[in-house]
Amino acid sequence: MIVLTFACGPAPAFECPDFLRMHGMLRRAQARCAFERFNPEIVDMARQCFNRMGAQAGAPAVHTGAAEFDRMASLLGEDTTCNLIQQRFPMVVR
């Protein structure tokens with residue numbers, strides 16, 4: 001499971017690989033769980049991280065996060081996984 005530590009301050013305070021994995025997982029969840037809203041600040045921070053890391057490192061991080069959603073859904077079921085994500089990330093998805 002993805003564990004995130006959020007530091008205070010602008011996007012550079014985030015650990016970009018972890019942040020991009022979280023973003024990938026939540027984007028997959030948005031599509032599969034039919035969430036209607038995705039926090040635009042998170043999208044902007046993910047874009048900044050992706051640009052800072054470059055596509056060679058950023059894309060695999062995003063794909064790893066999406067695969068984490070798939071693993072959770074296969075183990076717990078998609079509905080349970082969607083509910084867990086909505087509970088754990090209310091500041092991101094709705």
Side-chain angles (χ1 to χ4, degrees):
M1 182 167 285
I2 297 173
V3 177
L4 300 170
T5 303
F6 290 95
C8 295
F14 290 94
E15 291 293 327
C16 281
D18 291 340
F19 193 81
L20 287 177
R21 281 192 293 273
M22 178 200 72
H23 184 70
M25 179 185 68
L26 295 175
R27 279 297 191 183
R28 177 67 54 92
Q30 182 185 20
R32 300 269 296 273
C33 302
F35 294 132
E36 296 177 7
R37 294 181 45 204
F38 199 92
N39 187 329
E41 290 178 18
I42 300 297
V43 174
D44 186 52
M45 287 188 285
R47 187 176 298 116
Q48 289 176 37
C49 278
F50 192 88
N51 289 339
R52 193 170 329 124
M53 290 178 63
Q56 266 191 314
V62 173
H63 292 297
T64 298
E68 179 67 22
F69 175 89
D70 294 338
R71 279 190 295 280
M72 289 172 56
S74 71
L75 291 171
L76 304 173
E78 196 164 285
D79 289 341
T80 299
T81 301
C82 291
N83 288 331
L84 284 171
I85 287 173
Q86 191 169 20
Q87 290 170 6
R88 291 183 182 165
F89 297 96
M91 70 295 210
V92 181
V93 296
R94 296 213 189 264

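As the structure is a computational prediction, the values presented were derived from the model and not from experiment.
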For this session: Spell out, yes or no, whether Met72 and Met22 are grouped together once hydrophobic residues are joined by side-chain heavy atoms under 4.5 Å, including indirect joins.
Result: yes

Exercise. Which ring-ring contact (aromatic ring centres under 6.0 Å, His included) pairs, counting each pair once, include a residue from residues 36-84, with sequence neighbours left out?
Worked result: His23-Phe38

Seminar exercise, completed: The reported gap from CD in Glu15 to CZ in Arg21 (rounded to nearest 0.5 angstrom) is 9.5 Å

For this session: May I ask whether Met45 and Phe89 are part of the same hydrophobic cluster, defined by side-chain heavy atoms of I, L, V, M, F, W, Y residues being less than 4.5 angstrom apart, directly or through others?
Result: yes

Exercise. Is Phe35 close to Ile85 at the side-chain level, that is, under 4.5 Å between some pair of heavy atoms?
Worked result: yes

Problem set entry | Distance-minimising heavy-atom pair for Ala61 and Pro17 | CB-O, 3.9 Å

Exercise. Are Phe19 and Val62 connected in a single hydrophobic cluster, I mean Ile/Leu/Val/Met/Phe/Trp/Tyr linked by side-chain heavy atoms less than 4.5 Å apart?
Worked result: no

Please set out all donor-acceptor pairs under 3.5 angstrom arising from side-chain atoms of residues 25-33, sequence neighbours excluded.
residue, atom, partner, partner atom, Å
Arg27, NH1, Gln30, OE1, 2.6
Arg28, NH1, Asp70, OD1, 3.0
Arg28, NH1, Asp70, OD2, 2.5
Arg32, NE, Glu78, OE1, 2.9
Arg32, NH1, Asp70, OD1, 2.9
Arg32, NH2, Glu78, OE1, 2.6

Exercise. CZ of Arg71 to OG1 of Thr81: how many Å apart, nearest 0.5 Å?
Worked result: 12.0 Å

For this session: Say whether Asp44 and Gln48, considering side chains only, have a donor N or O and an acceptor N or O under 3.5 Å apart.
Result: yes

Exercise. Rounded to the nearest 0.5 Å, how far does CG of Leu20 lie from OG1 of Thr64?
Worked result: 10.0 Å

